[in-house]
Amino acid sequence: MNRKLSLMVMTLVMAINSLLAQNHGKRAATQPERIVDVNYNAVAGPLTTMLNECVGAGRAAEGLRADWQQQLAYVRKECGFRYIRMHGLLGDEMAIYTEDEKGNPQYNFMYVDALFDFLHSIGMKPFVELGFMPSRLASGNKTIFWWRGNVTPPRSYEKWGDLVQHLVAHFTERYGAEEVKSWYFEVWNEPNLDGFWAGSQDDYFRLYTYAAKAIKQVNASYKVGGPGTAGAAWEPEMIAFCKKNNVPIDFISTHAYGVKQGYLDEFGQSGTVLDKNPMSVSGEVLQSRSEIQASGMPELELHYTEWSASYTPADPIHDSYHEAAYVLQKLKQVGHAANSMSYWVFTDIFEEPGPRFTPFHGGFGMLTIQGINKPVFYAYQFMNRLGSTELTNKDSSSWVCRDSSGNVQALVWDFTNTHPGDSVHNQKYYIRDLPSKSKGKLRLNIKELPAGAYSVELYKVGYGCNDAYTTYLAMGRPAQLNRTAVEQIKKQNDGAAIYRKIVTINKNEAFAETIDMRENDVCLVNIVRL
């Protein structure tokens with residue numbers, strides 16, 4: 001090879017190497033190593049209990065079903081929820097109220113006793129929603145949903161107050177005052193929406209007043225609140241009304257969802273779009289807390305008694321692996337601003353639009369009708385495995401905790417809103433097979449972990465991992481699942497550890513673990529001292 005040709009080859013090789021180095025640098029720049037750096041002895045304080053304080057369910061009558069009860073017992077055990085809230089407690093299906101031929105009220109608590117006795121048997125408490133209106137007490141015929149919850153004001157507010165008083169007195173007699181003191185009584189559901197309340201704001205305040213005074217007449221220590229509105233509405237007005245008129249109130253309740261369009265669209269036909277605002281939902285919670293603090297009653301509790309990524313039970317984001325990371329991101333952003341954030345709901349046994357005909361239909365639930373765990377179930381299960389002491393941690397998408405036995409749990413995730421924007425509805429986007437892209441390496445460092453041997457376990461949720469919907473897609477999206485198919489999906493997405501290993505930490509040695517992360521991955525690292 002002559003010198004001129006040799007120089008040309010060398011120049012070409014150098015150019016290629018330079019280009020490769022630049023491309024590698026670009027990839028490295030877009031995927032920097034993420035470091036979660038904590039000290040075992042640097043304690044931030046108690047982990048907030050609002051993460052699994054409460055969970056939602058569709059309506060009270062569904063709670064009389066055996067499969068509903070089996071699923072709730074399972075979710076209670078795995079996710080640790082302490083309270084449950086549902087619609088329809090006063091509806092005709094629960095047979096609490098009727099009137100004789102002379103118009104005298106008749107009360108019956110057999111169905112509600114069966115439901116609440118079951119809740120008590122699995123260690124759960126009711127977050128009692130007082131609604132909807134019994135037809136014999138209603139002023140009109142306007143209803144909502146397939147099961148026809150009556151949304152009209154009472155034709156007699158005095159009889160409404162008597163109903164509430166008799167119900168709460170019955171709870172006191174059956175469960176004892178000390179137990180009922182730990183419950184919450186919320187008056188109605190989303191009265192700011194015409195679909196849920198046929199009266200005005202003043203009519204709602206009147207409804208609330210009669211109910212609140214009836215509850216306090218039974219026991220002044222019982223907790224009552226509202227307005228249970230959609231979209232964080234009516235909060236300052238509610239507080240001002242109660243303050244001005246000396247009406248009892250112990251907490252503010254409201255709801256938030258993370259999508260745009262399709263409101264009150266239980267069939268998902270209008271289409272929803274996941275909001276690109278990074279503070280969607282959580283920003284509303286922080287605003288609610290600010291409004292309470294600026295009010296004449298700054299110490300009121302704040303309960304978000306419904307929340308999720310989407311407000312329709314026909315939104316495939318609920319089935320998607322994206323939902324798990326979404327939920328964790330929002331709860332982390334909320335911090336200590338709310339006393340509870342009640343995920344809507346725990347199961348797809350949920351019949352607002354009527355019984356559903358397909359196994360994955362975008363239902364609100366953490367479990368499908370047939371009891372298949374969705375990715376969001378694992379997000380709550382992982383949170384329930386966190387120790388009660390939170391460690392100081394600057395990373396915005398993780399919790400690192402320790403328990404009373406000295407074990408450490410690190411829950412880390414990536415939330416990336418991959419939704420293409422307003423031009424595409426969730427109903428078209430999240431039904432697809434959506435492989436996740438790499439987000440590079442995550443390095444977990446724990447300084448001053450006591451010396452000794454530890455078992456390290458990694459649990460994970462993400463695309464193709466504890467991702468039942470993607471398994472269902474691979475099956476060809478059958479309209480029905482037989483027993484074998486259900487068991488196959490459950491087995492492939494059973495939440496088992498990805499790996500376990502034994503490590504030894506020497507004195508003055510930090511613990512370190514490196515994990516490959518993808519978009520919307522959720523990882524729980526459980527470090528158990530042997």
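We count residues from 1, following the sequence as given.
- Remark: K460 engages D521 in a salt bridge, criterion side-chain N to carboxylate O under 4.0 Å.
- In this structure, E323 and S308 have side chains that are in contact, with non-hydrogen atoms separated by less than 4.5 Å.
- Within the 6.0 Å centre-distance limit, the rings of W68 and F346 are counted as a close aromatic pair.
- Side-chain atoms of E186 and T305 form a donor-acceptor pair, as typed in the model, at a separation below 3.5 Å.
- Between the side chain of E448 and the main chain of N508, no donor-acceptor pair closer than 3.5 Å is present.
- Using a 3.5 Å distance cut-off with no hydrogens or angles, the side chains of T312 and T272 do not pair a donor with an acceptor.
- A donor-acceptor pair under 3.5 Å links the side-chain atoms of Y472 to the main chain of P478, judged by distance alone.
- In summary, D37 and K447 engage in a salt bridge, as defined by a charged side-chain N under 4.0 Å from a carboxylate O.
- Under the 4.0 Å criterion applied to side-chain N and carboxylate O atoms, R85 and E306 are assigned as salt-bridge partners.
- A distance-only check finds a donor-acceptor pair linking the side chain of R76 to the backbone of I122 [under 3.5 Å].
- Between D250 and Y184, the closest side-chain pair of non-hydrogen atoms is not below 4.5 Å.
- In this structure, the ring of H87 has its center no less than 6.0 angstrom from the ring center of W188.
- In this structure, a donor-acceptor pair under 3.5 Å is present between the side chains of Q329 and W413.
- A donor atom on one side chain and an acceptor atom on the other are found under 3.5 Å apart for N373 and Y378.
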List the steps, then state whether side chain to side chain contact (heavy atoms under 4.5 Å, CB included) holds for N39 with T392. CA-CA 7 Å; N39 187 307; T392 301; over 6 Å; no
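- Checking S340 against H303 by side-chain atom types alone, a donor-acceptor pair falls below 3.5 Å.
- Contact check on E513 versus K501 returns a salt bridge, with a Lys/Arg side-chain nitrogen under 4.0 Å from an Asp/Glu carboxylate oxygen.
- When atom types are taken as modelled, the side chain of N407 and the backbone of D403 share no donor-acceptor pair closer than 3.5 angstrom.
- Using a 4.0 Å cut-off between charged side-chain N and carboxylate O, K491 and D494 make no salt bridge.
- With respect to F251, the ring pair (Phe, Tyr, Trp, His ring centres under 6.0 Å) criterion is satisfied by exactly one of Y304, W183, F127: F127.
- Residues P450 and R529 form a side-chain contact, since some pair of their non-hydrogen atoms from C-beta on lies under 4.5 Å apart.
- Judged purely by atom type and a 3.5 angstrom limit, Q480 uses its side chain to pair as donor or acceptor with the backbone of F357.
- Panel note: side chain E390, backbone T48; no donor-acceptor pair is recorded below 3.5 Å.
- Under a 3.5 Å cut-off, the side chain of Y469 and the backbone N or O of I431 do form a donor-acceptor pair.
- Remark: R518 is not positioned above the aromatic ring of Y463, lacking an NZ or CZ atom under 6.0 angstrom from the ring centre and at most 45 degrees off the axis.
- Using modelled atom types and a 3.5 Å distance limit, the side chains of T368 and K374 yield no donor-acceptor pair.
- Here the side chains of L331 and W399 are in contact, with some heavy-atom distance below 4.5 Å.
- Side-chain contact annotation: T229 with E190, donor-acceptor N/O pair under 3.5 Å absent.
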Give the C-alpha distance, both sets of side-chain angles, the deciding distance and a yes or no for side chain to side chain contact (heavy atoms under 4.5 Å, CB included) between Y321 and L434. CA-CA 9 Å; Y321 69 90; L434 297 170; 4.2 Å; yes
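- For K276 and D422, the salt-bridge test fails: no basic side-chain N is under 4.0 Å from an acidic carboxylate O.
- Checking side-chain atoms of H425 against main-chain N and O of V273 turns up no donor-acceptor pair under 3.5 Å.
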Residue pair W197, N192: steps toward the side chain to side chain contact (heavy atoms under 4.5 Å, CB included) verdict: CA-CA 7 Å; W197 179 239; N192 61 316; over 6 Å; no
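- Once rounded to the nearest 0.5 Å, the distance linking CD1 of I349 with CD of Q370 reads 10.0 Å.
- The OG atom of S397 sits 8.5 Å away from atom CE of M517, with the distance rounded to the nearest 0.5 Å.
- Under a 4.0 Å N-O distance rule, the pair R500/E457 qualifies as a salt bridge.
- Between L274 and N417, the closest side-chain pair of non-hydrogen atoms falls below 4.5 Å.
- For the residue pair N384 / N52, a side-chain donor-acceptor distance below 3.5 Å is found, with atom types taken as modelled.
- With contacts defined as side-chain heavy-atom distances shorter than 4.5 Å, the pair R289/N339 qualifies.
- With salt bridges taken as basic N to acidic carboxylate O contacts below 4.0 Å, none links K439 and E33.
- T418 and E519 share no side-chain donor-acceptor pair at under 3.5 Å.
- Under 4.0 Å is where a charged nitrogen must lie from a carboxylate oxygen, and between R59 and E62 at least one such pair does.
- Note that R385 lies in the cation-pi zone of Y459, set by a 6.0 Å cut-off to the ring centre and a 45° limit from the axis.
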For side chain to side chain contact (heavy atoms under 4.5 Å, CB included), just list the numbers for V400 and V36, CA-CA rounded to whole Å, side-chain angles, deciding distance to a tenth of an Å, and then say yes or no. CA-CA 9 Å; V400 183; V36 177; 4.0 Å; yes
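- Note that the OG1 atom of T514 and the CG atom of L442 stand 8.0 Å from one another [nearest 0.5 Å].
- A donor-acceptor pair under 3.5 Å is formed between the side chain of K332 and the backbone N or O of S398.
- With 3.5 Å as the limit, one finds a donor-acceptor pair spanning the side chains of N426 and D315.
- Looking at heavy atoms from C-beta onward, V259 lies out of side-chain contact with D275 at the 4.5 angstrom threshold.
- With rounding to the nearest 0.5 angstrom, the CD1 atom of I505 is 8.5 Å from the CD1 atom of I446.
- Although no hydrogens or angles enter the test, the distance criterion places a donor-acceptor pair under 3.5 Å between the side chain of S253 and the main chain of G228.
- Between I252 and E301 the shortest side-chain heavy-atom distance does not fall below 4.5 Å.
- Between the side chains of S280 and N277, no donor-acceptor pair is found at a separation under 3.5 Å.
- Taking the six-membered ring for Trp and the full ring otherwise, the centers of Y74 and F377 sit less than 6.0 Å from each other.
- Ring pair Y380/F81: centre-to-centre distance below 6.0 Å.
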